[in-house]
Each structure stands twice: as C-alpha cells, then as structure tokens.
Amino acid sequence: MRVEGEVELVVVGGGAAGLAAALKAREEGIEEIWVLDRNERPGGILPQCIHTGFGLHYFGENLTGPEYIHRFIRRAREEGITIKLETMVLRLTKEREVVAVNPSEGLLKLKAGAVILAMGCRERPRGSLLIPGGRPAGIFTAGTAQRLLDLEGYLPGREVVILGSGDVGLIMARRFAMEGVEVKAVVELMPYPGGLGRNVVQCLEDFGIPLLLRRTVTHIHGRERVEAVTVAEVDGEGNPIPGTERKIPCDTLVLSVGLIPENELSEGAGIELDERTGGPFVDEFMRTSLEGFFACGNVVTVFDLVDHVTLTGERAGKSASQYLKGELPPPRRVREVRPGENVRLVVPQRVSGEGPVTFYLRVSRPLREARVEVGGKSFFRKAVRPPEMLTVELGKEEVGGLGGEIPVRVLGKPLG
Amino acid sequence: MKVEEFEERVKGDPSFSRVSLRISLEGEILFLEGETESWEQVVELGHLAAGVEGVRGIVNRLWPRGLPKPERKREGKGKAAWDGMRADVVVVGAGIVGAGIARELSRYELEVVLVEKEEDVAWGQSKGGASWIHGFAGLDVDPTSLKAKLCVEGNALYDEWAEELDFSFKRPGLLAVVMEEELVPLLEVAAERVREHGCPVRVIGREELHRMEPGLPPEAAGALFFPTYGVVAPYEVTIALVENAVANGVKLLLGTEVIGVRVEEGRVKGVITDRGEIFTSFLVNAAGLYSDEVAELAGAPEFTIHPRKGEMLLIDWKRAGACLHNLAPGELKEDPYTKGGGISLTVDGNMLWGPTAQEVPYKEDTETTKEGMERVWRKFSKYLPSIKRTDVITAFAGVRAATYTEDFHIAPSRKVKGLVNVGGIQSPGITAAPAIARMVVDILRKEGLELREKVSFNPRRRAAPRFRELGDREREQLISLDRRYGRVVCRCEHVTEGEVVEAIRRGATTLDGIKFRTRAGMGRCQGGFCTPHLLRILSRELGRPVEELTKKGGKSRVVMGRIKEPFLGG
C-alpha cells in the first residue's frame, strides 16, 4: 500500500473514549495525534443524550451528555489535537496502516506509530431478535429515535411501545412523554427492570408509564406503518406463553435491546476478540493482542457509565504514549483472567501485573449479600444485578501476588 | 381424469363431505366455485382439478366458510394524469418479468407504457426472491413443461443480460448435498433425470465435496454439482432493465394501479388505471400475484393465483467465507413445508437461507412467523455449523404467484384479443425472465403487433458506481469528480452520499428505493445509523419535507411530525 503520511498516534473514534485517550496522550507529551471520526460532529452519541446523569464520578457534577462531552471537545481543540470529521476508517492492517476517507481530502492513507480503537458500539436491530410479523415503517432502535428527536427535531411516532427497560429504554420513555407522545408501555423480558432503580422512578413512574415485566413483543402488525404490537408473557426460559397475548395499538416500536461493540475494523486487522464482551481481549494497559493497538470505551465492552468509558480512554491514551516512547512494560508474566461462577464477562481479560488493575465485570443472575472474588481477594456488595457493571480494584502488590490464572466469581444469596 | 371423474372423486371423499363445489368447464378452463372448510381444501381441490385431461387453466373461486375475503380497494386517485395517453402496448407490472418484456419491446418502434402500482419497481416478488439463476427447474418438474424449457433458455441468456445491463452476476454453481452415505448411489440416478432437462451436472464424492466446500460438516457424504447455477440480486436486475427500457423510450408509470380493462368487440381497447385511461390495443399482463385479477378485469379469467409464502433469513456478509457455493439439501424425505430452498450466496457476499413454502389465503401476507424462521434455521444450520444465530441480520417473507397447474401460464387470452397473460411466474421465474421476454414479444408479433426494429436502440446500461466495490484508485478518481463520494453515510455497507444522490437521480423516492439501489440500510445495523442521513439527503434532493418521506410509499411515513424548528442562529 502506498502510504501518504505518518502519524504518531491515530485514534479511531471521537467519542468519550477517543477524546479522553487523545487528551491523555497529549498530556504525556505526544505531539501528533489524529482523531478520526465518521460523524459530522465530535462526541459520539453524547450530543444527542440531552438528559442528565453524566459525570457524577469523573467530575463530581451532574451534567447532560452535551455538557459532559463539550468539556473534552473544547480541551481537545485548545490542545490542538487534530479531529478529522466525516472521516470513515475503511480498513486497518497489522502494520498499523490506516485507510480512511472523507469528502474534503478523499482517501487518506496513514502509517500510525500506535492506534487506539475507540469505535464504540451499535444497537441490536430487530433482525437480531427475529420478532415475527410485518416490516412496516415505524420500527426504530432507541438511538435512532433519540437522534431523530434530539438532533434532527422530528417526532418518530405518536403512540409508542418500547421493548427493553435498560437505562436507554427508560430514558427514551421519558423523553417521548415530555414531547407529548403517548408511551403505551415499556416491555421487559426479565422479571426485573434492566435499568437503574432511580430511572424506573424518574422515567416511568413519574410519568405514569406502565412497565410490563416478564413479557416480550411476539408480533409486529402493520404493512405500511406499525399499527400494533402483540405482547405476551414469557416463561422462565424467556419463551412466550401461548394464550397470554395482548395486542397494543401503536404506530411505533422502539427497540432498546442491547448494544454490540463495533469491531469490524478490529477483526479486519486480525485483533483477537472475546466472545463474551464482543470486544478485543485487553490487558490492564488496554493493550490488544496486536502490537501497537490499544482499545478503550464501549468498543471493548459496553459500559454503564460514560465516566468509566473516559477512564479506560485515559488508560489507553497513557499506554499508547508509553508504547510510543518505548516505556510500556512488555507483557512478561501474563495471567489469564478466568470468568467463573455467575460472571458473564470481565475486562481486562489479561493481566501483566506491572501496575494496579481495575476490573469491570457483569454477573449472569442477581444475588444479594454478594461476594465478588478476584484471584482469591473478596469484595462485598449488598446486591448484584446483571444490568449493573461491577468494578473492583486491585493494587500493584495484590496483583503481583496472583498466580498463573486469575479466577473471578460472584457468590451470594438468591434475590427475593 | 375426466371432469366427471374429478367430480365423483370429490363426492366420494369423506374429507370433502362439507364442501359445496360447482364445477364448470369453458373451453380448456375449469371453474371451481363454492365453499370449503379450510384454506388447505381450497388449495387441494385446485391442484386436484389440474389433473383433469385437456385443462389448461384452473379458475378456483372456492373460499373457506367464515374466512374474510381479502379487501381490494380499487379507487380512483382523483388525478386523471394519464387520461388520453396512447400506447401500442401497455405492460402491467414492473417486476423482473414485466420489465424484461418492456425492455425487449423497446428494441422496436413502439410506444410502450409500463404500469406499476407500487411507488418503485421490483417491489413484488422480485424484491423478495432468492438469488438463484437455476440450471434447471427441479427434479419434480416435468422436463417438457414451459417452466423447464424457459428456465434452461433463460439461464443461458443471463451472461448477455449481465454484460449489456451491467448488473452483478456470478456463477458459483450449486452443490446438492446428501448427508447420508446410503443416498450417494442415488445421486447418479438423479443426475440422469437432471440431464433430461438439458442441464450440466456431475456427481461429487465425499473427498472432493469437502475440498470444494470446507464449511460442510463431516457427515456430508456426496453431492450433485451444477456448475451453471448463478446468483443475481433480482431487484438489481429489474432496476437495470427498467433503466434501459426507459432510456430506449418506454414510459414508466409508477404508483399507478390498473382498475379496469376496456374491451370492445372482443378486443382490448384501453387500460383503465386509478390515474386515468390509456388507449391501447395490446395489454401484457405481467401483474405477478395479481395477474389473475387483471385477467378477470378484462373479463377473461383463465387461471387463479394461490399465494405461497416463503420466509428467509439473511446472514451477515462478515461470514462470506463460510460458504463458497450455493447449497441445497439432498434429502429423500420430502419436507411438506419447503419444496426446495437452500443456502444461496448473494452477489454482495451475504447468504440467504430458505425459503419455506406455505400456502396462504392472502396475497398481502408477507409477515414472518416464528415457526417459519425456526424451520429455516433448523433445516439449514446443520449444513454450515460455523454460522451462529448472531450472524442472522434479518428475516423476511415474500409471496410467490403459483397457479394450480404449477406451470407458467404464458399465452394470449382465448377470449380477448390483444391480451397476453404472463401469469404463474414463480420459481424459476427470475431465471426464465430473459426467455419469457423473448417469448412474449413473439406472441405479440403473432397476435398482430407490428415490430419494426429501432435503429437507435441501445442495449447497454451502466450501473451506478459502488464505493464498496471499487479499488482505491477508482475511489480517489470518483471523489475528485464529486466530493460526495467521500462521505460515507451507511457505515455497515460503506455507501456514500454520492451513491445515494445517484440513486435518487435514477428514480428512488423512498428509503426502500435507496436501499435496493445502494444497499444503504441493508447491513448489520439495518438502518440504525443511516436513516437520519438518508432522510436529509432525500428531502434535499426531492425538495420535500422529511415529514412526508416514506419507507415504501403509501402510508409508510418514516417520522410523524416535527418537534421544533431547526436552530438557524449563528
């Protein structure tokens, strides 16, 4: 490949993770940093998240999405970090060649000293659920509906059913209600809501929106525009129970059924991916399996809080800088992290043991009086629930004492 | 079997005891009227009647007791825009068959009008069809049938069509795989029958099979290999045909439904649409699922379409390497729910699994079902064990237009001069389309249409550039000509704004119109990211507000209104 330019550090994605990574790298003295972003504005998904709840950990303040990300955008501009917008990375190679395209410069072919992957995640569409029925207009993922509403100023529908009660679904329910849209119901497959208790109260109860637990959408009616959805109760395995169907007339179905890290580029470069997280295997330095490639934020695993996304971004930014300066400790004594009982996923999946480690993990089932065990160390939690990510931190000494493998498990008493 | 025998047989069968049935034979057309207990009985009796000697078509007006009849609203749109238009030939239906015929007719000095009720072309069977260009019509098909003959002829014509019309066409071949060792000896017997159709075929042993298709499980014991099987995107072919036909003078009338046929003294005089009447002496009825109804409107019913639904799963092109040939299950036991189907490669690298085959009463029933999707998954996943459920991007359903004789019905009407029916074009209709087009033009000539070759006819059409398929140098050139080719709007399929604008210039007016021309929204996120971009571009290019834009015409509006005025300040 003909390479036209060499750039010290290329960050793919200008959302919360990418911008934090770039800023940290600048702080570490890296001169030439290019952030490539496919959108027409930086910030990833945050500019359309106009509700509050961002930054409580990182800034100790309650900010909206645009407020939170604007702090990073402003600093990036002040620091002279190059942010190339409407720039879509088409491919990455093992040799850290980056091919991207944008309307003003055409094809860009770069050779990067280091690459930070910060592409974020995308939403699971209807097809991945295989909901039977028609294929009319009026089926949106929550993010698309939110963008239409908050960035474009259009009303996706007037009578809405939302499938999925994660925080995204709950916040969209409130957002719709505030625009005078009738939210007929929020439907949740599990016996408990997917989002934070606070959001259930503030987004549904305060607006009188019904939450239908242990139910799912079993049919979409309508040929041209959505006319109704059928909702049915589900058994313990999540299968609809015949005879419990109820038809709810509506013109819109909003799907908020999960996010998938977007790793097509990582895969193309030959980076090893973890089936549990959908993202690259990383160590505590956010180092991937491919030399010179680091990853951070939702492309690694989907986080609950943007604050954590930012922190992993900073970690990746620092590690990439150390790598560029030849200061990153090589992975000498790598220990594999083994997800055990009741652990759905855990990040990082590998530990080099050269510094402290923050583990992010999710459980498979809810427990109370829970004990999170990481390599023999125990951490107590009043309750653990699958939708909530747990974090535990181990100091350098604690990590140093761990053996060849680090088992992680979560024990406790069944909930309710 | 004579008519009387058929009648006796129905009367003597206790399962039909509650069926009221009146049979009449007019010429070679057999009419069934009355009421049944179920839709299955309607279909069964229709098929049984097809066995009556000398019968050319079945008009089956049976309907199950208590089942609501389909509503067919045929009302004028109030705008008689086409009133007084004159044509030498009106072709009804802009699917692959109608478009092929119109394009073939555009070779001659004729006024040809192509009428389509949907807002865009290829939105009936041609949109939902699988991608195969078959080598032959199938083992269960009589080699002397019209279907069998036109399938083999059509297959041979595809290279020319693809070359002239610049659509994607590949011939990866088909492997009909048997999973049981004891079936291997039967492959030679089957191959003999295939050869009767005039289709090349070869028996493949276990070792060669696994070399050719490494993704198959170890049980795969042998296969028939059909090297001439190809793949196309049927909607892409249709769009190419229409573009070429229009470039050669054919008038395309979209959003125009035929609501009547003017017949005077036994001959076609005009076609009445919901947008006015077009005067013509020749009417080609290529209305797909509705071809029986168009014939009826002319007062000349000759066959009835019974809708046969098929459901398919679409697999992410990330898994393109998992399968190298089209695959069909070679099974002894017939699956009553799917007569065929298989794993089809698409020209874009996806796989299509299916379809099922289910008789349904309503032509509009394109809803997917849990059972259908499960059936497809169970049936085909065993052939490619590396494919996971998460590789399925979407599922969809389409309806085939089957007649009770289960053969193509391509013939001039016996009753009304100037009407040529092209009905019952189900699988392998896409394959047969080029042969059908030639056959219909021949029929028209014999029916008295004067054909003078047009000197200016240009058989060529150029496809719009596809950013994803171009090399870096071509991409650079394109962007230097038009910067909008550097703005990627659909990130899954790498579709640029330039391509979207070109699609609109070529006739797309809806999100689906853009999708089927560019693939924007066809990828793994299914339009999640690109929908707002597409709406903005479509609104700008058409000069219509976003609130009025639709997914697929009619009432399929994408957004329901505005919430606030756009921020215009500095």
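This one's a predicted model, so the numbers in the text were calculated from it and none came from an experiment. A note on names: the letters A, B, ... follow the listed sequences, proteins ahead of strands, and every chain is numbered from 1.
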Of the listed B:Ser480, B:Cys525, B:Gly498, B:Gly527, the one with the largest count of heavy-atom pairs under 4.5 Å with chain A is B:Cys525
Pairwise distance NE2(B:His494) to CD(A:Glu264) - rounded to 0.5 angstrom:
8.5 Å
B:Phe396 versus chain A, heavy atoms under 4.5 Å apart: side chain, backbone, both or neither?
both
Looking at B:Met373 and A:Leu130, what are the two nearest heavy atoms and their distance?
CE-O, 3.1 Å
Ranked by heavy-atom pairs below 4.5 Å to chain A, first place among B:Pro532, B:Gly554, B:Gly486, B:Gly528 goes to B:Gly486
Non-hydrogen atoms of B:Ile479 and A:Leu107 that approach each other most closely:
CD1-N, 4.4 Å
Is the shortest heavy-atom distance from the side chain of A:Tyr154 to the side chain of B:Val546 under 4.5 Å?
yes
Quick one: what part of B:Leu314 sits under 4.5 Å from any heavy atom of chain A, side chain, backbone, both or neither?
neither
Side chains of B:Glu367 and A:His221: is there a donor and an acceptor less than 3.5 Å apart?
no
With a 4.5 angstrom heavy-atom cut-off, which part of A:Leu129 approaches chain B: side chain, backbone, both or neither?
neither
Nearest 0.5 angstrom please: A:Asn239 CG to B:Lys370 NZ, how far?
5.5 Å
Please report the closest heavy-atom contact between A:Leu90 and B:Arg475, naming both atoms and the distance.
CD1-NH1, 3.4 Å
Can you confirm whether more than 12 heavy atoms, excluding those of A:Arg246, are under 6.0 Å from its CZ atom?
no
With a 4.5 angstrom heavy-atom cut-off, which part of B:Lys552 approaches chain A: side chain, backbone, both or neither?
side chain
Ranked by heavy-atom pairs below 4.5 Å to chain A, first place among B:Arg389, B:Lys318, B:Gln526 goes to B:Lys318
I need the A:Met119 CE to B:Arg491 CZ distance, nearest 0.5 Å.
11.0 Å
Only one of B:Thr368, B:Asp512, B:Thr394 passes side chain to side chain donor-acceptor pair (under 3.5 Å) with A:Arg135, and that residue is B:Thr394
Sort B:Thr369 into side chain, backbone, both or neither according to what part of it lies under 4.5 angstrom from a heavy atom of chain A.
backbone
Top of A:Gly268, A:Pro156, A:Gly133 for chain B proximity - count of heavy-atom pairs under 4.5 angstrom:
A:Gly133
Any residue meeting ring pair (Phe, Tyr, Trp, His ring centres under 6.0 Å) with A:Phe176, in chain and number order, not counting sequence neighbours
none
Show the nearest heavy-atom pair for residues A:Pro103 and B:Arg483, with the distance to one decimal.
O-NH1, 2.8 Å
Test item: B:His533 and A:Glu40 side chains (from C-beta on) under 4.5 Å apart, heavy atoms:
yes
A:Ser104 versus chain B, heavy atoms under 4.5 Å apart: side chain, backbone, both or neither?
backbone
Might you point out which heavy atoms bring B:Met560 and A:Arg158 nearest each other, and give the distance in Å?
O-NH2, 2.7 Å
Judged by modelled atom types alone, do A:Arg223 and B:Ser556 share a side-chain donor-acceptor pair under 3.5 Å?
no
Taking side chain as everything from C-beta outward and backbone as N, CA, C, O, which of these in B:Leu535 sits under 4.5 Å from a heavy atom of chain A? Side chain, backbone, both or neither.
side chain
Nearest-0.5 Å distance that lies between atom OG1 in A:Thr87 and atom CZ in B:Arg487
10.5 Å
Heavy-atom pair count under 4.5 Å with chain B, highest-scoring of A:Glu224, A:Glu267, A:Met88:
A:Glu224
What are the two closest heavy atoms between A:Arg225 and B:Val559, and how far apart are they?
NH1-N, 4.2 Å
If you tally heavy-atom pairs under 4.5 Å against chain A, which of B:Arg524, B:Glu547, B:Glu371, B:Arg536 wins?
B:Arg524
Taking side chain as C-beta onward, heavy atoms only, is A:Glu123 less than 4.5 Å from B:Phe529?
no
Output for pair (B:Thr531 OG1, A:Glu152 CD), nearest 0.5 Å, gives 10.5 Å
State the CZ-CG distance between B:Arg557 and A:Asp251, to the nearest 0.5 angstrom.
9.0 Å
Chain A heavy atoms under 4.5 Å from B:Glu364: which part of the residue, side chain, backbone, both or neither?
both
